[in-house]
Visitor: 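Take this structure first; my questions come after.
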Amino acid sequence: MSRIRCILRGIDLRTCILLFVLVPTCIFGIYIHGQKISYFLRPLWESPPKPFHDIPHYYHENVSMEKLCKLHGWGIREFPRRVYDAVLFSNEVDMLTIRWQELYPYITQFVLLESNSTFSGIPKPMVFASHRDQFKFVEPRLTYGTIGGRFKKGENPFIEEAIQRVALDQLLKIAGITDDDLLIMSDVDEIPSAHTINLLRWCDDIPQVLHLRLKNYLYSFEFLVDNKSWRASIHRYQTGKSRYAHYRQADEILADAGWHCSFCFRHINEFLFKMKAYSHNDRVRFSHYLNLKRVQRVICKGADLFDMIPEEYTFKEIIRKMGPIPHSYSAVHLPSYLLENADKYKFLLPGNCLRESG
């Protein structure tokens with residue numbers, strides 16, 4: 001005790017005040033910005049993944065398919081492979097419409113699985129079932145399935161997601177997929193371009209598993225983040241080996257193969273729903289993140305809904321991507337159905353960031 005008294009006698013009033021102010025301030029700052037600090041320091045604790053082997057993508061509407069296959073180093077088939085497009089569906093009605101309209105000419109069977117639960121265990125309505133009339137154009141080629149949620153709140157959302165992807169494997173078998181059919185594995189908002197799928201169904205000797213590099217957009221096609229979206233993939237189906245997944249499964253990736261438009265919703269309430277429902281719902285650290293006016297401001301600014309530091313592996317890339325995404329005014333080479341119906345989908349085009357409230 002005598003030692004403590006000596007130490008205290010050596011500390012003047014200014015130092016005491018400074019400590020009482022500085023320590024709580026530091027604790028509060030770490031609580032508010034701890035996630036940002038962690039993400040900014042990511043290059044110190046996590047190495048970048050192994051680079052993909054990029055395959056150049058050749059395409060022009062006036063070049064023959066035989067020539068295009070040859071440019072890629074592949075042969076040409078006598079007849080095209082069958083193609084299955086399989087997705088897990090939550091509530092992305094607009095993106096699903098654009099996706100299926102883009103791919104319609106080349107898809108043998110559209111396969112969709114819907115649950116009454118989000119990945120995070122929140123009950124949800126069967127949105128596709130209630131909008132099924134909007135998709136009559138695919139009905140003859142549609143295999144639709146449902147799965148009941150387990151509603152285990154507090155469980156890691158990736159567990160529920162994995163269970164639903166296993167169920168989608170079973171639904172694909174019901175849909176009639178067989179060996180060497182092409183299977184598109186991607187989320188609803190990860191849309192391969194039609195000419196990419198047509199190329200891969202006609203060309204011989206394509207890789208067994210090929211990832212698709214997509215242009216990466218946020219909120220609409222006004223905010224181009226980068227060209228690094230890679231999770232979408234296409235597989236030459238193998239019974240007993242092909243498993244529906246959303247992680248890296250190969251080292252080869254085809255350049256400029258489509259579009260990934262994340263959080264591209266028509267209504268503000270849809271943004272709020274996904275923020276609470278998807279596998280990364282832990283990013284909603286504060287209730288004010290879900291304020292409607294804040295969400296609208298963030299969308300129009302091109303900022304981050306979760307106030308996060310960019311998820312990159314080098315300080316150079318983190319610093320380069322910090323701040324709002326620059327506005328893009330290019331609407332060239334977007335899905336044709338989107339441009340043909342620009343009035344209906346204007347919220348996805350440059351200069352139309354304001355969302356409907358419903």
Side-chain angles (χ1 to χ4, degrees), residues 35-36 38-59 72 87 92 95 98-99 102 158 161 184-193 195-197 199-200 207 209-235 245-264 274 278-280 283 298-299 301-335 348 350:
Q35 188 181 65
K36 287 184 178 180
S38 174
Y39 272 79
F40 185 79
L41 296 178
R42 186 176 191 171
L44 299 179
W45 52 265
E46 187 171 356
S47 300
K50 178 183 176 182
F52 281 100
H53 171 234
D54 283 86
I55 299 175
H57 189 170
Y58 300 94
Y59 172 73
H72 290 85
V87 294
E92 311 98 323
M95 294 308 297
I98 294 169
R99 177 194 185 93
E102 173 73 14
F158 288 100
E161 180 178 347
I184 304 171
M185 294 188 190
S186 69
D187 287 349
V188 170
D189 58 8
E190 297 167 336
I191 306 175
S193 60
H195 67 78
T196 296
I197 300 306
L199 174 78
L200 296 174
V209 178
L210 180 63
H211 281 273
L212 304 177
R213 190 177 294 284
L214 310 179
K215 291 182 179 178
N216 194 19
Y217 295 89
L218 186 64
Y219 310 139
S220 73
F221 293 98
E222 179 173 355
F223 297 104
L224 176 60
V225 180
D226 54 35
N227 294 294
K228 295 183 178 181
S229 180
W230 57 266
R231 291 184 181 274
S233 59
I234 190 159
H235 300 238
H246 199 233
Y247 50 75
R248 182 165 175 169
Q249 302 181 68
D251 292 334
E252 293 183 297
I253 190 167
L254 183 64
D256 200 4
W259 315 270
H260 179 193
C261 198
S262 185
F263 279 90
C264 290
K274 181 169 181 176
Y278 83 140
S279 297
H280 296 287
R283 294 175 177 177
V298 168
I299 295 169
K301 190 177 179 182
D304 191 274
L305 284 169
F306 305 99
D307 196 23
M308 289 177 57
I309 293 288
E311 296 182 82
E312 293 293 343
Y313 296 93
T314 66
F315 290 117
K316 180 180 178 180
E317 281 297 299
I318 290 173
I319 294 170
R320 186 179 69 83
K321 285 189 174 183
M322 287 181 68
I325 305 164
H327 294 257
S328 168
Y329 298 99
S330 172
V332 178
H333 299 307
L334 296 181
L348 292 175

Visitor: What is the distance from atom CD1 of I299 to atom CG of L305, rounded to the nearest 0.5 Å?
Guide: 6.5 Å
Visitor: Does Y219 have any ring-ring contact (aromatic ring centres under 6.0 Å, His included) partners at least two apart in sequence or in another chain, and if so, which?
Guide: none
Visitor: Do K321 and E312 sit within salt-bridge range, that is, some charged N less than 4.0 Å from a carboxylate O?
Guide: yes
Visitor: Do C261 and M95 come within less than 4.5 Å of each other through their side chains, counting heavy atoms only?
Guide: yes
Visitor: What class does the angle between the rings of F223 and H327 fall in, given that below 30° is parallel, 30 to 60° is tilted and above 60° is perpendicular?
Guide: tilted
Visitor: Once you round to the nearest 0.5 Å, how far does CG of L348 lie from CD1 of I98?
Guide: 5.0 Å
Visitor: How close do L218 and A303 get, counting heavy atoms only, and between which atoms?
Guide: CD2-O, 4.2 Å
Visitor: Rounded to the nearest 0.5 Å, what's the gap from CG on D189 to CG on L214? Could you check?
Guide: 9.5 Å
Visitor: Would you mind reporting whether I234 and T196 have side-chain heavy atoms less than 4.5 Å apart?
Guide: no
Visitor: List in chain and number order the residues that pass ring-ring contact (aromatic ring centres under 6.0 Å, His included) with H57, two or more places apart in sequence or in another chain; answer none if no residue qualifies.
Guide: H72, H195
Visitor: Side chain to side chain donor-acceptor pair (under 3.5 Å) with S186: which of H246, R99, H211?
Guide: R99
Visitor: Nearest 0.5 Å, please: how far is CZ in F221 from SG in C264?
Guide: 6.0 Å
Visitor: Determine the minimum heavy-atom distance between L334 and A331, stating which atoms define it.
Guide: CD1-CA, 3.7 Å
Visitor: Using atom types as modelled, flag every donor-acceptor pair under 3.5 Å from a side chain in residues 252-259 to any protein atom, sequence neighbours excluded.
Guide:
| residue | atom | partner | partner atom | Å |
| --- | --- | --- | --- | --- |
| W259 | NE1 | H333 | O | 2.9 |

Visitor: Could you please spell out the steps behind the side-chain contact (heavy atoms from CB on, under 4.5 Å) verdict for V298 and F306?
Guide: CA-CA 10 Å; V298 168; F306 305 99; over 6 Å; no
Visitor: Can we say D251 and K50 salt-bridge, meaning some charged N sits less than 4.0 Å from an Asp/Glu carboxylate O?
Guide: yes
Visitor: Could you check whether any side-chain heavy atom of S229 comes within less than 4.5 Å of a side-chain heavy atom of K215, counting everything from C-beta outward?
Guide: no
Visitor: Taking the side chain as C-beta and beyond, is there a heavy-atom pair between R248 and F52 under 4.5 Å?
Guide: yes
Visitor: Rounded to the nearest 0.5 Å, what's the gap from CG on N216 to CG on L224? Could you check?
Guide: 7.5 Å
Visitor: Restricting to ring-ring contact (aromatic ring centres under 6.0 Å, His included), what partner residues turn up for H260, sequence neighbours left out?
Guide: none
Visitor: Could you measure the distance from the OH atom of Y217 to the CG atom of D226? Nearest 0.5 Å is fine.
Guide: 11.0 Å
Visitor: What do the steps show when you test S262 against K274 for side-chain contact (heavy atoms from CB on, under 4.5 Å), and what is the final call?
Guide: CA-CA 11 Å; S262 185; K274 181 169 181 176; 4.3 Å; yes
Visitor: Of all residues at least two apart in sequence or in a different chain, which pass the salt bridge (charged side-chain N to carboxylate O under 4.0 Å, His left out) check with K316?
Guide: none
Visitor: Between the main-chain N or O of T314 and the side-chain N or O of E317, is there a donor-acceptor pair closer than 3.5 Å?
Guide: no
Visitor: Applying ring-ring contact (aromatic ring centres under 6.0 Å, His included), name anything that partners H53, two or more places apart in sequence or on another chain.
Guide: none
